[in-house]
Amino acid sequence: MKILVIGGGGREHAIVDALSRSPQAEKIYCAPGNAGIARQAECVAIKDTEVERLRDFALEKGIDLTVVGPEAALAAGVTDVFRAAGLSIFGPTKAATRIESSKDFAKELMRKYDIPTAAFRTFDNYAEASAYVKAGPLPTVLKYDGLAAGKGVVIAETQEQADEALRDMLLDNKFGQGRVVVEEFLTGPEFSFMCFVSETKVWPMVLAQDHKRAYDGDMGPNTGGMGAYSPLPFITAEDEAYALEHILKPTAAAMVAEGCPFEGVLYGGLMKTPQGIKVIEFNARFGDPETEVVLPRLKSDIVDIFRAVAEGGDAQPEWHDFATLGVVLASKGYPGSYEKGHEIKGLDKVESAVYHMGTKADGDRIVTAGGRVLFVVGRGATIAEAREAALRDVARIECDNLFHRTDIGHWALTGK
């Protein structure tokens with residue numbers, strides 16, 4: 001088969017890596033790809049949101065299956081455009097992608113179908129939102145209604161912080177013109193539960209947890225994710241079964257009932273609260289960086305699963321029982337402003353899997369080209385062993401403009 005992967009980050013590198021293990025993948029293209037992906041696929045200089053150009057490329061090359069990575073491509077309607085051209089594609093339609101692209105849509109869906117989540121209200125008026133926050137308990141959670149690359153969520157501990165975030169989102173349009181969902185603040189460990197979904201058929205993946213804060217001890221600003229690991233010892237088999245039967249499966253059924261059936265990866269960002277497991281957010285695609293620690297544990301041929309979802313078949317994903325833990329190397333200054341173009345050396349000495357997140361080739365050199373640059377994934381019989389392997393290899397990478405966390409997996413290893 002000829003397969004096209006859309007996107008150019010660590011998630012897409014992990015997808016390409018999983019595809020490269022399939023005997024069915026004769027040729028893999030990636031648009032736009034990056035310097036690491038270029039070693040396993042032919043990179044194509046088309047942006048992930050240029051959906052008509054991507055369709056034309058797929059038709060010209062006779063692509064048998066396309067796999068969509070980023071939410072921006074899904075929100076731009078890439079699945080609808082490909083299907084209209086008779087092309088097989090793995091990823092939800094624009095209508096189904098609203099479960100991620102509109103926080104309000106997702107929350108109203110959960111309210112209507114009794115899917116456990118935090119109490120909320122949605123606002124498009126700054127003064128009304130500020131007054132609502134003032135009348136309620138702090139901290140509170142403020143979420144920009146649309147897509148914001150993982151940065152549109154603020155946990156406000158004071159009224160001043162809340163007002164500043166509301167100004168950003170409603171008055172200054174920091175992420176664009178949109179509304180704000182104000183949610184009650186929940187406590188407990190968060191975890192990511194991704195499932196392959198084909199309408200009402202739901203096939204669970206192994207669980208993962210990512211670390212959003214920039215620095216050790218969960219300090220600093222929120223990021224797109226600084227590391228992740230799998231499995232999760234603090235989530236019991238009963239917890240997992242509850243989440244599957246009371247959250248993921250009912251959500252898939254709700255999307256069918258609403259006339260926008262979901263086909264692709266449904267990502268449940270969940271929290272184990274003292275009152276039970278609740279939904280923090282839904283995404284309409286593979287999580288990043290969770291994908292990079294989940295797909296290495298997949299024993300089955302991923303092409304069979306992608307085809308079952310895209311073409312309405314059946315699948316039985318099987319998983320390895322080893323642990324994986326990944327550490328992000330990010331540009332200094334991330335998630336704020338940062339420099340690009342710093343040379344990366346030592347990658348040839350690394351024994352673990354390395355997924356490129358934001359790199360590019362400069363002649364024979366690999367240089368930094370993003371906020372999150374590399375993701376080093378160690379594996380072992382235990383999470384502690386996997387972390388040791390990852391950090392050992394992180395130390396072999398030489399670049400004067402990268403930083404990383406050393407405490408990924410602390411929930412699993414210390415229980416806090």
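For reference, positions follow the sequence shown, starting with 1.
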Heavy atoms of Thr359 and Ala369 approach each other most closely as C-CB, 3.8 Å
When Arg213, Arg405, Lys212 are each screened for salt bridge (Lys or Arg N to Asp or Glu O under 4.0 Å) with Asp218, the one that passes is Arg405
Sorted by chain and residue number, the side-chain hydrogen bond (donor to acceptor under 3.5 Å, both in side chains) partners of Asp304 (sequence neighbours excluded) come out as Gln24
Exactly one of Arg121, Lys107, Lys103 clears salt bridge (Lys or Arg N to Asp or Glu O under 4.0 Å) with Glu183, and that residue is Lys107
Q. Would you say the side chain of Glu292 lies within less than 4.5 Å of the side chain of Met357, judging by non-hydrogen atoms?
A. yes
Q: Please confirm whether the backbone N or O of Ile302 pairs with a side-chain atom of Ser300, one donor and one acceptor, at under 3.5 Å?
A: no
Verdict with reasoning, Leu65 to Ile89, per side-chain contact (heavy atoms from CB on, under 4.5 Å): CA-CA 6 Å; Leu65 173 69; Ile89 185 165; over 6 Å; no
Aromatic plane relationship, Phe175 with Tyr144 - under 30° parallel, 30 to 60° tilted, over 60° perpendicular: tilted
Salt bridge flag under 4.0 Å for residues Asp288 and Arg372: yes
Would you say Thr49's side chain and Ala72's backbone share a donor-acceptor pair under 3.5 angstrom?
no
- Message: Donor-acceptor pair, distance only, cut-off 3.5 Å: does the side chain of Asp301 make one with the backbone of Val303?
- Response: yes
Between the side chain of Gln161 and the main-chain N/O of Glu157, is any donor-acceptor distance below 3.5 Å?
yes
Check your understanding: Honestly, is Arg11 close enough over Phe286, meaning NZ or CZ under 6.0 Å from the six-membered ring centre and within 45° of the axis?
Key -> no
**Message:** Determine whether a donor-acceptor pair (N or O, by modelled atom type, separation under 3.5 Å) exists between the side chain of Thr368 and the backbone of Gly341.
**Reply:** yes
- Message: With heavy-atom distances below 4.5 Å as the criterion, would you say the side chains of Gln159 and Ser130 are in contact?
- Response: yes
> Between Asp145 and Val180, is there a donor-acceptor pair closer than 3.5 Å when you use the side chain of the first and the backbone of the second?
Replying inline: no
Note: Arg167-Asp163 ion pair, threshold 4.0 Å (strictly below)
no
| query | Just by modelled atom types, is the Ser352 backbone N or O under 3.5 Å from a matching donor or acceptor in the Asp393 side chain? | reply | yes
query: Do Val68 and Phe90 have side-chain heavy atoms sitting under 4.5 Å apart?
result: no
Taken in chain and number order and not counting sequence neighbours, the residues that satisfy side-chain hydrogen bond (donor to acceptor under 3.5 Å, both in side chains) with Glu50 are Arg53
Shortest non-hydrogen pair, Arg297 vs Phe322, comes out as NE-O, 2.9 Å
By side-chain hydrogen bond (donor to acceptor under 3.5 Å, both in side chains), Ser198 pairs with (sequence neighbours left out) none
Could you check whether any side-chain heavy atom of Phe191 comes within less than 4.5 Å of a side-chain heavy atom of Ile277, counting everything from C-beta outward? yes
| Taking C-beta and beyond as the side chain, do Asp407 and Arg387 meet within less than 4.5 Å on heavy atoms? | yes
Examine distances only and state if a side-chain atom of Asp362 and a backbone atom of Val367 form a donor-acceptor pair shorter than 3.5 Å.
no
* Check against side-chain contact (heavy atoms from CB on, under 4.5 Å), Asn34 and Lys360 -> CA-CA 6 Å; Asn34 62 38; Lys360 72 173 188 178; over 6 Å; no
Residue pairs passing the side chain to side chain donor-acceptor pair (under 3.5 Å) test with at least one member in residues 306-328, sequence neighbours excluded, are Ser88-Glu311
Check: Asp216/Thr406 side-chain N/O donor and acceptor closer than 3.5 Å: yes
Nearest heavy-atom approach of Ala284 to Ile99 is CB-CG2, 4.2 Å
Heavy-atom side-chain contact between His404 and Ile397 under 4.5 Å:
no
When you look at His13 and Gln40, which way does the side-chain hydrogen bond (donor to acceptor under 3.5 Å, both in side chains) test go after all the steps?
CA-CA 9 Å; His13 195 171; Gln40 290 177 291; 3.1 Å; yes
Item to complete: Return the orientation label for the Tyr29 and Phe57 ring planes: parallel under 30°, perpendicular over 60°, tilted otherwise.
Response: perpendicular
When every non-hydrogen atom of Tyr355 is compared with those of Gly10, the smallest separation belongs to CB-O, 4.0 Å
* Could you tell me whether the side chain of Glu12 and the main chain of Gly9 form a donor-acceptor pair under 3.5 Å? => yes
All heavy atoms of Ser230 vs all of Leu207, minimum pair found to be OG-O, 2.6 Å
Would you check, one step at a time, whether the test side-chain contact (heavy atoms from CB on, under 4.5 Å) holds for Val141 with Val182? CA-CA 6 Å; Val141 183; Val182 181; over 6 Å; no
Practice problem: Measure the shortest side-chain to side-chain distance between Cys43 and Ile37 over non-hydrogen atoms and say whether it is less than 4.5 angstrom. | Solution: yes
Could you list the donor-acceptor pairs under 3.5 angstrom formed by side chains in residues 254-274, with sequence neighbours left out?
residue	atom	partner	partner atom	Å
Glu258	OE2	Lys112	NZ	2.8
Glu258	OE2	Tyr113	OH	2.5
Glu263	OE1	Arg83	NH1	3.4
Glu263	OE1	Arg83	NH2	2.4
Tyr267	OH	Ser192	OG	3.0
Tyr267	OH	Glu290	OE2	2.7
Lys272	NZ	Phe234	O	3.1
Lys272	NZ	Asp239	OD2	2.7
Thr273	OG1	Gln275	N	3.0
Thr273	OG1	Gly276	N	3.2
Thr273	OG1	Gly276	O	2.6

Hits for ring-ring contact (aromatic ring centres under 6.0 Å, His included) against His410, two or more places apart or cross-chain, chain-then-number order -> His211
Nearest heavy-atom contact between Ala18 and Leu295 is CB-CD1, 4.2 Å
Sub-4.5 Å side-chain heavy-atom contact between Lys94 and Leu74
no
Looking only at atom types and distance, does a side-chain atom of Glu108 sit under 3.5 Å from a main-chain N or O of Asp104, one as donor and one as acceptor?
no
